[in-house]
Amino acid sequence: MSGPDMGQLESDALAAWDRAFEANPSDRQKFYITVAYPYPSGAMHVGHGRTYIVPDVIARFWRMRGREVLYPMAFHVTGAPVIGISKRIARGDQKAVTLYRDLYKVPEQTLKEFVDPLAIVRHFSEEYARVMKECGLSIDWRRRFTTVDPTYSKFIEWQWKHLHEGGHVLKGAHPVRYCPQCENPVGDHDLLEGDKAEILKFTLVMFSWNGDLIPTATLRPETIYGVTNLWVNPGVTYVRAVVDGRSWIVSREAAEKISLQDHTVVITDEIPGTTLTDQEVSHPLCGKVPILPADFVDPDMGSGVVMSVPAHAPFDYIALRDLQSLGKYTGIRPLALISVPGYGEFPAKDAVERAGIENQSDSRMESLTQEVYSAEFSHGKLFDKYGGEPVRIARDTVAKRMIEEYGSTIMFEFDTRSVVCRCGSQVFVKILHDQWFLQYSDPEWKEQVADHLKDMALVPPEVRAEFERTIDWLKDWACTRRVGLGTLLPWDPAWLIEPLSDSTIYMAYYTIAHRIREFSPELLTPEVFDFIFLGRESPELPDKARLEEIRAEFLYWYPYNFRFSAKDLISNHLTFQLFHHVAIFPQSLLPEGMVVFGMGLLNGAKMSSSKGNVFLLEDAVSEFGADTVRMFLVGSAEPWQDFDWRNELVASTRKQIERFWNTVSELGNSTGESSDIDTWLISRLQYHIRRTTEALDNFQTRQALQESFYAIESDLKWYRRRVAGAPHGSRHLKELCSVWVRLLAPIIPFTCEYLWKELHKEGLVSFAEWPVADEKLVTPDLELAEELLARTVEDIESILKIIQIEPASISIYYAPGWKQEIFSMVAGAEDKNLVIREIMKNDSMKKRGKEATDATRQCTTLIHRLPPQLVDQITASAIDEKSIFENACSFLQKEFGVPIKVFDAGESVHAKASSALPFKPAIVIE
RNA sequence: GCGAGGGUAUCUAAGCCAGGCCAAAGGAGUCGGACUUAAGAUCCGAUCUCGAAGGAGUUCAUGGGUUCGAAUCCCAUCCCUCGCACCA
């Protein structure tokens, strides 16, 4: 039989599902799940596919279990990326055009429209919706919206009014990456180079020189006590500049940077580096020190002047050593100030000497500096005369003191040298003013979130620690931007609300999205939302009756049951949304649970659109079929594990679906009489129903598939073997198929929808009743008998394999009754080492002597090897091995093609017979 | 560097929390057989090593330790993934 026509089958199912998943409040209990909505700036790949298919499987499962299930979807279009994309496409940037035209397959005509950023999100949100439907996602599309819809903006304004009034939004200054050419802050996606650059906070230590200040930038202000000199580059021309009214000497680059960081800077004249060398400067904390020449000083790093601490900085140590080896400045000695275990008086000296470094151009200097730096930071302590504090604490105390008493200031600088904007200009750190912050640092707010987290279900449980860490670690978040798409900050409309910050409670908005559109946006005052979400009455609400309905719908669905997202969002979105929920909603409406996904790989490598290493979801669906894609994505790993898409594995998934399709088509309408083995099959089925249900209850889609697909298949394999040659399947098989199709319906709904009809069932399988295990159909004795038989067959096979003789007959010797007794006694014994004594107290056993002690030892070994559950069953049910084997004689004869004889081992004199044990008969092949 | 998670046979992936059910499930791949004109599909078997009796030996990143007994518990080391922010 050939496979089904998937194309036809899929379009039939899609037609049948049209609008079927629109969810409305009902008498049923609700189940509401949401997934982080996509930012539609490109085509969906199979990684996205899993993000939405896993929740769909869960949604379908609960729907079949009789819940009213809401699974909504919307599109996040706020932010700056599409603006950059549209600019690049407008400019004809080759890389961007290739990506969109060739990889994402955007038609030429549409691509032309991409000069409008909104056209991009419009195009791809349509694509997303279309592909999501093709995948069979059971979404209520009536609730779809985008985050720039005027109605949604009204909702965001309401949210932010509450955050503001609740004291969670504060104004402050903030250092950002800034492009002077574009006159804008730049995000990661705007960068040509240095996208991982971090902003470091340097302290400018102010040395005095003839009425001028010479600042040196350092990450280690506490080392001021060990400064022996400064370094300037003699080949660089420095500038004198009036900075906030004081005269500074710094490199030209530094002057420019400082001017972006809250200082007024006026350059007055130039000073060659050579003028500075051999001059003497002073600082209250280290006294007078000379300025020495050094070529390694980079004018583009910090102030362009460096303070030298040869005792603790390898660079300084070796630069000094190099000078001194030329007979210069020999009077200068390193000055130690930190003690650190594992190093002598001068850690920098130790490190340099241990590594055998010859001179300052050695490539290992960088890592050596890092090594000393870390060792001192984590284990170092300042000498008592400098306060005796650990380095990690002293660093802050000294910095604070310098700022308060000695005119120091902060300078921001990147940790990587070259940070370049897409426009080609160098990027600087700028301090932005009037910036609004969400005050995630607020201890009280943190505590509320942490308290609520305790009540939440988290899947998998391992992520709890990471959430706790994140709540603890979160600092204030700059929540407004100057550029991009989005909602204006209601009380300061010069700012846009930052995109991660406008996506924190939209799960509540879904519940009313389709109804709120009945109002024109200008009617949607904060009072309206206050009423809908908080039940707050106010006079003059528009269309109160309608609002009552909307509020009722919100209350029906909220709080959501589970939110799904990938693990990279734990440290921002998933935690942010908790902060916002606790700030706005009452206890009873707070989120109940979260499910965190793993990441996707393609052929073992990370999926990445920019590197072209993606497999588009739509291509996957058209090549393999939606069900295959679904089954692979939820079945190859549990949702929280990383998964790896490999075409060859996916192809074999398709074969499995075809096999299932063939089996059900063949057996689905059987009506024959049933026998013991049918009863056995149905008994096993109850177990699989239970296990599948448990797995899906716990979001274990892979486990569910193992139980509902492979485990049932493997039972059927044994069944077929047992009935080989017997007439057509029984009516029990029909029942099995009906259960089987339902168990798999959440995972491969297209195939199951078709087969459901084939089985002449009413309605859609998507809404059919989820199977429930019926304990009355469980027959432990039969299962045990089949287990014994299967194990015996296995034993016989393994013997046959080894001895390689052509067997003439096979004899099975089942264990005598007294061994059963021993077996039970051993099984029931607390201490298996002492049981032999108990057994020997029994006279009839005593009479058997060695035979009985041997049997006890053998039973003990056997019991250790059998699953405990099975041992319990064996002892509980006193099975009749004799009749089991006799009943199976014809089966065994067919299996092995030779006559089978069954004997009581107790009545046999055959040497082998004595090795018979309960559940492990002696086997003799002749 | 810091924080969180992980390393199981050819690949993938159970098992680990609650140590003996473990030479270690399932799936894939590979090899052999049946069917077929052939291929594919399907079905059956094998797939760490040894073995002419259902067994034995060596394995679960590496090295130690605890225990009668360790893939599972403890310690150290190495490697991988994610996050470290104003960005979706």
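Sequence lines set the chain letters: A, B, ... in the order given, protein chains first and strands last, and positions in each chain run from 1.
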I want to verify a distance call: between [options], whose nearest atom is closest to the [X] side chain?
{"X": "A:A80", "options": "B:G54, B:A88, B:A13", "result": "B:A88"}
{"X": "A:K606", "options": "B:A85, B:U81, B:G27", "result": "B:U81"}
{"X": "A:K920", "options": "B:C82, B:G29, B:G55", "result": "B:G55"}
{"X": "A:R702", "options": "B:U42, B:G54, B:A25", "result": "B:A25"}
{"X": "A:R659", "options": "B:C43, B:A4, B:A13", "result": "B:C43"}
{"X": "A:D642", "options": "B:G54, B:U81, B:G29", "result": "B:U81"}
{"X": "A:E498", "options": "B:A85, B:C86, B:C44", "result": "B:C86"}
{"X": "A:D568", "options": "B:G54, B:G83, B:G5", "result": "B:G83"}
{"X": "A:S798", "options": "B:A13, B:G54, B:A85", "result": "B:G54"}
{"X": "A:I925", "options": "B:G29, B:A53, B:A14", "result": "B:A53"}

> Has the side chain of A:N572 got a donor or acceptor atom sitting under 3.5 Å from an opposite partner on the base of B:A88?
Replying inline: yes

Under-4.0 Å side-chain N/O to phosphate OP1/OP2 contact, [X] with [N]:
{"X": "A:R469", "N": "B:G5", "answer": "no"}
{"X": "A:Q703", "N": "B:A25", "answer": "no"}
{"X": "A:Q656", "N": "B:A28", "answer": "yes"}
{"X": "A:K717", "N": "B:U42", "answer": "no"}

Base partner of [N], which must satisfy Watson-Crick or wobble distances under 3.5 Å:
{"N": "B:U67", "answer": "none"}
{"N": "B:U62", "answer": "B:A76"}
{"N": "B:C84", "answer": "B:G1"}
{"N": "B:A46", "answer": "B:U30"}
{"N": "B:C35", "answer": "none"}

> Would you say the side chain of A:Y440 lies within less than 4.5 Å of the side chain of A:F576, judging by non-hydrogen atoms?
Replying inline: yes

> Does a side-chain heavy-atom distance below 4.5 Å link A:W740 with A:T663?
Replying inline: yes

> Centroid-to-centroid, A:F919 to A:F823, below 6.0 Å?
Replying inline: no

Spacing between [X] atom [atom1] and [N] atom [atom2], to the nearest angstrom:
{"X": "A:E468", "N": "B:G5", "atom1": "CD", "atom2": "P", "result": "10 Å"}
{"X": "A:Y373", "N": "B:C2", "atom1": "OH", "atom2": "P", "result": "13 Å"}
{"X": "A:F632", "N": "B:C11", "atom1": "CZ", "atom2": "P", "result": "16 Å"}

>> Could you check whether any side-chain N or O of A:Y39 sits under 3.5 Å from a backbone N or O of A:V82, counting only pairs where one atom can act as donor and the other as acceptor?
In response: yes

Give one of base, sugar-phosphate or nothing for [X], where a contact means two heavy atoms less than 4.0 Å apart.
{"X": "A:V924", "value": "base"}
{"X": "A:K475", "value": "base"}
{"X": "A:E794", "value": "nothing"}
{"X": "A:S915", "value": "base"}
{"X": "A:P921", "value": "base"}
{"X": "A:H174", "value": "base"}
{"X": "A:L649", "value": "sugar-phosphate"}
{"X": "A:I796", "value": "nothing"}

>> Taking B:U47 as the reference, what is the distance to B:A25 when you measure between their P atoms (whole Å, please)?
In response: 11 Å

>> If you compare all heavy atoms of A:F885 against all heavy atoms of A:P921, which two are closest, and at what distance to 0.1 Å?
In response: CZ-CG, 3.6 Å

> Under the criterion salt bridge (charged side-chain N to carboxylate O under 4.0 Å, His left out), which of A:R702, A:R691, A:R684 is the partner of A:E707?
Replying inline: A:R691

>> Tell me whether A:K171 at atom NZ has more than 12 heavy atoms from other residues, nucleotides or ligands lying less than 6.0 Å away.
In response: yes

>> Tell me whether the count of non-hydrogen atoms from other residues, nucleotides or ligands lying under 6.0 Å of NZ in A:K446 goes above 12.
In response: yes

>> If you assign each of A:Q706 and A:G79 to its closest nucleotide in RNA chain B, which residue comes earlier from the 5' end?
In response: A:Q706

> When you match A:D644 and A:K567 each to their closest nucleotide on RNA chain B, which lands nearer the 5' end?
Replying inline: A:D644

